[in-house]
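Working notes for the structure below.
Hydrogens, waters and symmetry mates play no part in the numbers below; they use all other heavy atoms, side chains included. In this text the structure is predicted, and so the values were computed from the model without any measurement.
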Amino acid sequence: MSDDNRYYPTEIEPRWQAKWEADGLYHADVDESRPKHYALTMLPYPSGDLHMGHWFAMTPSDARARFKRMQGYNVLFPMGFDAFGLPAENAAIKRNIHPKQWTYKNIERMRGQLKSMGASFDWRREAISADEEYYKWTQWFFLQLYKNGLAYRKLAAVDFCPTDNTTLAREQVVGENRVCERCGTPVIKKELEQWFFKITDYADELLNFVGIDWPERVQTLQTNWIGRSEGARVFFPTEAGENIEVFTTRPDTLWGATFMVLAPEHPLVEKLTAPEQQAAVAAYKEAAGRQTDIEREATDKEKTGVFTGGYAINPVNQARIPVWIADYVLLSYGTGAIMAVPAHDARDFEFARKHGLDIRVVIRPAGETWEGADLEAAWSHEGVMVNSGPFDGTPATEDKGRANPAIKAVTDWLEKQQFGAAAVNYRLRDWLISRQRYWGAPIPMIHCKTCGIQPVPQDQLPIVLPDDIEWLPTGESPLKLHPTWKNVPCPNCNEPAERDTDTMDTFMCSSWYHLRYLSPDFAGGPFDDREYNYWMPVDTYTGGIEHATMHLIYTRFFHKALRDMGIVEGAEPMLQLRNQGSVLGADSAKMSKSKGNVVAPDELVAEYGADAMRAYLMFFTRWNVGGPWNSQGIEGPNRWLRRVWTLFTEPGGPGNTVQMAMLKDLRRAVHQTLKRVTHDYENFEFNTIISSLMELTNELYRFREQGAYGTTQWREAQEVFLQMMAPVTPHIAEELWARLGKPYSIHTSKWPAVDEAAAKADEIELVVQVNGKLRDKIVVPAGTSEADMQAAALASETVQKFLEGKTPKKVIVAGGKLVNIVL
RNA sequence: GCCGAAGUGGCGGAACUGGCAGACGCGCGCGACUCAAAAUCGCGAGUCCUUUGGACGUGUGGGUUCGAUUCCCACCUUCGGCACCA
């Protein structure tokens, strides 16, 4: 300790951090006698340095975990590393350093930086997804999914990033230009055999958020992503013999289907094409195949297509309708074929007008008589069914699905007639998890020429990633190029076979890391049931919203799949989710080295200390919003902490006659603040916690001037104040707590209770308005009756001036603190 | 195009169920301390009007109300998501 009495955060902070660690102060063990709280913050990718975003995400999470701990919960707050992934491999290529070495060196560095935050992580729980003992279980989960029919292999046109040389999940392709989420390169389509997880089996359940407290925004993003639409499947017989199956959300417009459109790649195209159209169809298919997805899916593109020469029969009215192919129909959605109803669908309308196809009106507002030829655009609003045989006169609303009487009636009828059936379709695709990269968990499968695909027997896990590897960006998995690694005997016939040389999407690793934290060293399974039964589910999960349709949907799927296999319990893994916003550069752009707007937290910590940094991060903006960074602003919290230090370490005040009224005011200020601060911690309103504490600091200075120093009320104020600030600024709070002579540690002390009686004001400032405008303020005793308030307001001189002798029309007393006199 | 979120001083932001707009802080100005500076402390400030005092003021326009940053309608701007999804 320094000789002088000044605030030296760089001396205090490492000292307490060392003590907390030595004492295992934040170790959380199963304790059935206490209520548990599992606080989880998204684990970092070991990119090299802990940046501002990490601090911004983790500091409030830590503060809230500390708050919960002081409230008496047994709090588990673990930390780990999402250690597999592309950047490590790209670094290997660029700097000629092994991905493993690069990753573990970064982890070492970041672990130290994380410790400098003074967060209350239980480091015994650390889990690193690239550790063999970790990915052994990632592979084990893959095998469980495989055995339960939730992992399958399929040849499909998949998204491929030509820069990162790997396939991607649909979720990892973003934006209008369909670019790789990691590197921003436009993706291309490749026909490849890949592993998928059947997340679509859980589409409906994933839409259900009952029982979990997740932000509306995330629920909306996931709901839109899953994209459920209700409608019907309908079979259209063709003259070639085969049926065309379509999905439609508007079965009520079936009588208006005047042609059909297949995606160019649809398997029936060949059969349906008439000899005289073969050349045209082949040419169109080839042209469509050459286009990129971006070109093809551009909404403003003119609708092209060609007639196949084939005809289908509309099952509801036996109409003979032509079958076309066009690239505005996508093979990947629905059945890859549509019934076209140009009168009631904008796309079909455009196509019909361009190619001179029939437009038949089947829904029209009552009283109108227009027909297809009169239309300027497709009619997609409400009306009454016409030209629809038995359904003429049925009202059609704009409601979707069975809420629409027309859709309901026609769907029921279709089922009876066996023309089709009610059906639900989703935008969600199965999760593609194969990656043609080295730095990931190898897929534990073996390809045998005679036995086909064989799972690796469980007792052979983990399939260890070889260290001796060449990182050539070839588009093939580096594991394939390893001279020996892939060669294994088939587990079934023992003949030479080959390992799957792809690795798993790292989102697979992060789908279950919250389970590995429970028992990172457990060898008997992915987690120890005893720990699971006590700690799960996660009570509070915090992280960025950018994971709404990736990690956050995968981990819910994963949990539900494990539940159905009997591995875990409960419908959801995380009960409460809160998202932080992001810290931007001072120029409001994303912090990035290339823009030169990166501010390194380490430098600020070295200058101001972790506590000032933590306080500023929680103070400078609404946590769930984020915003541009301004280093200058840290001066505020920095001065505040210095003022607090001085307030607590220097005796003050002239010590003249202490007035009881003043001490009552002091207690009121303390307990009112405590009430607000408790509420704000509970509700993730961190910026106002700091404001309230700053306000109280300013008031405490005034009370000290008035001679409060040395009284029991002053002592209480000091203790409660330190406890309130402890979750935000743990080091200075611990130091001053010790200097007050309080027992170690403030972080395991009991959160103070609000003394409601003390918090209550005994005088209130009555706001007096005339015609809604503020005119006067009068101090009256708390509990003054409304009549007395009214009288006091009317008696006010200022008010009399505004009344100008008139009698008020009406006097309103509101909220026990305001009188409005209406003239 | 569809869906969602947000617009408050020079800046970040506050305002619990409609009830004192601008708390708290940054920056700024003035003063004290100092030979001087830094640090610290004190005071000041939404805009406009000459003042004691008043008018206006929460993206714009309207509405409901005794009273609107808060509720309703329309519009503008910014950001995010989805997008030929049948």
Counting heavy atoms from C-beta on, name the nucleotide in [options] closest to the side chain of [X].
X         : options                : answer
Glu765(A) : C66(B), A14(B), C20(B) : C20(B)
Arg347(A) : G19(B), C20(B), C84(B) : C84(B)
Thr688(A) : A86(B), C84(B), A15(B) : A15(B)
Ser229(A) : A86(B), G80(B), C66(B) : A86(B)
Leu774(A) : C84(B), C82(B), C20(B) : C20(B)
Arg775(A) : A23(B), A55(B), C85(B) : A55(B)
Met694(A) : C24(B), A86(B), G13(B) : C24(B)

Under 4.0 angstrom, heavy atoms only, what part of the nucleic acid is [X] near: base, sugar-phosphate, or nothing?
X         : result
Gly626(A) : sugar-phosphate
Thr335(A) : nothing
Arg170(A) : sugar-phosphate
Arg642(A) : nothing
Phe802(A) : sugar-phosphate
Arg643(A) : sugar-phosphate
Leu221(A) : sugar-phosphate
Trp225(A) : sugar-phosphate
Asn698(A) : sugar-phosphate
Phe619(A) : base
Gln769(A) : base

Can you pull every protein N or O that's under 3.5 Å from an N or O on nucleotides 27-31 of chain B?
from   : atom 1 : to        : atom 2 : distance (Å)
G27(B) : OP2    : Arg639(A) : NH1    : 3.1

ask   = In whole angstroms, how far is the P atom of C84(B) from the CG atom of Asp348(A)?
value = 15 Å
task = In whole angstrom, give the distance that lies between atom CZ of Arg429(A) and atom C1' of C82(B).
result = 14 Å
Can you check whether [X] has a side-chain N or O nearer than 4.0 Å to OP1 or OP2 of [N]?
X         : N      : value
Lys777(A) : C20(B) : no
Thr621(A) : G13(B) : yes
Arg427(A) : A83(B) : yes

Please give the distance between the [atom1] atoms of [N] and [M] as a whole number of Å.
N      : M      : atom1 : result
C28(B) : A45(B) : C1'   : 9 Å
G9(B)  : C2(B)  : P     : 30 Å
U77(B) : G59(B) : P     : 16 Å
G19(B) : G29(B) : C1'   : 34 Å
G4(B)  : A15(B) : P     : 25 Å
G25(B) : C33(B) : P     : 25 Å
C48(B) : G10(B) : P     : 10 Å
A14(B) : C24(B) : P     : 14 Å

Nucleotide opposite [N] in a Watson-Crick or G-U pair, distances under 3.5 Å:
N      : result
G31(B) : C41(B)
C26(B) : G10(B)
A5(B)  : U78(B)
G19(B) : C66(B)

task = Could you tell me whether the side chain of Lys817(A) has a donor or acceptor atom within less than 3.5 Å of a complementary atom in the base of C20(B)?
result = no
query = Within the modelled atom types, does a donor on one side and an acceptor on the other bring the side chain of Asn820(A) and the base of C66(B) under 3.5 Å apart?
reply = yes
ask   = Under 4.0 Å between a Lys/Arg side-chain N and an Asp/Glu carboxylate O for Asp159(A) and Arg170(A)?
value = no
query = Does Arg614(A) make a cation-pi contact with Trp55(A), if we ask for NZ or CZ under 6.0 Å from the ring centre and within 45° of the axis?
reply = no
Under 30°, 30 to 60°, or over 60°: which ring-plane class applies to [X] and [Y], parallel, tilted or perpendicular?
X         : Y         : value
Trp623(A) : Phe684(A) : parallel
His355(A) : Trp324(A) : tilted
Phe620(A) : Tyr616(A) : tilted

Inter-residue atom distance Thr729(A).OG1 - Met618(A).CE, 0.5 Å rounding = 9.0 Å
key: Syn-anti status, with the boundary at 90° from 0, for the nucleotide G9(B)   = syn
Atom CZ of Arg217(A) with >12 non-hydrogen neighbours under 6.0 angstrom = no
inquiry  = Could you go through His671(A) and Leu674(A), starting from their C-alpha distance and side-chain angles, then the distance that decides it, and tell me whether this counts as side-chain contact (heavy atoms from CB on, under 4.5 Å)?
reply    = CA-CA 5 Å; His671(A) 284 272; Leu674(A) 177 60; 4.1 Å; yes
query = Under 3.5 Å, is there a donor-acceptor pair linking the side chains of Tyr328(A) and Asp348(A)?
reply = yes
ask   = With respect to Ile244(A), which candidate in Val234(A), Val261(A), Thr335(A), Thr238(A) satisfies the side-chain contact (heavy atoms from CB on, under 4.5 Å) definition?
value = Thr238(A)
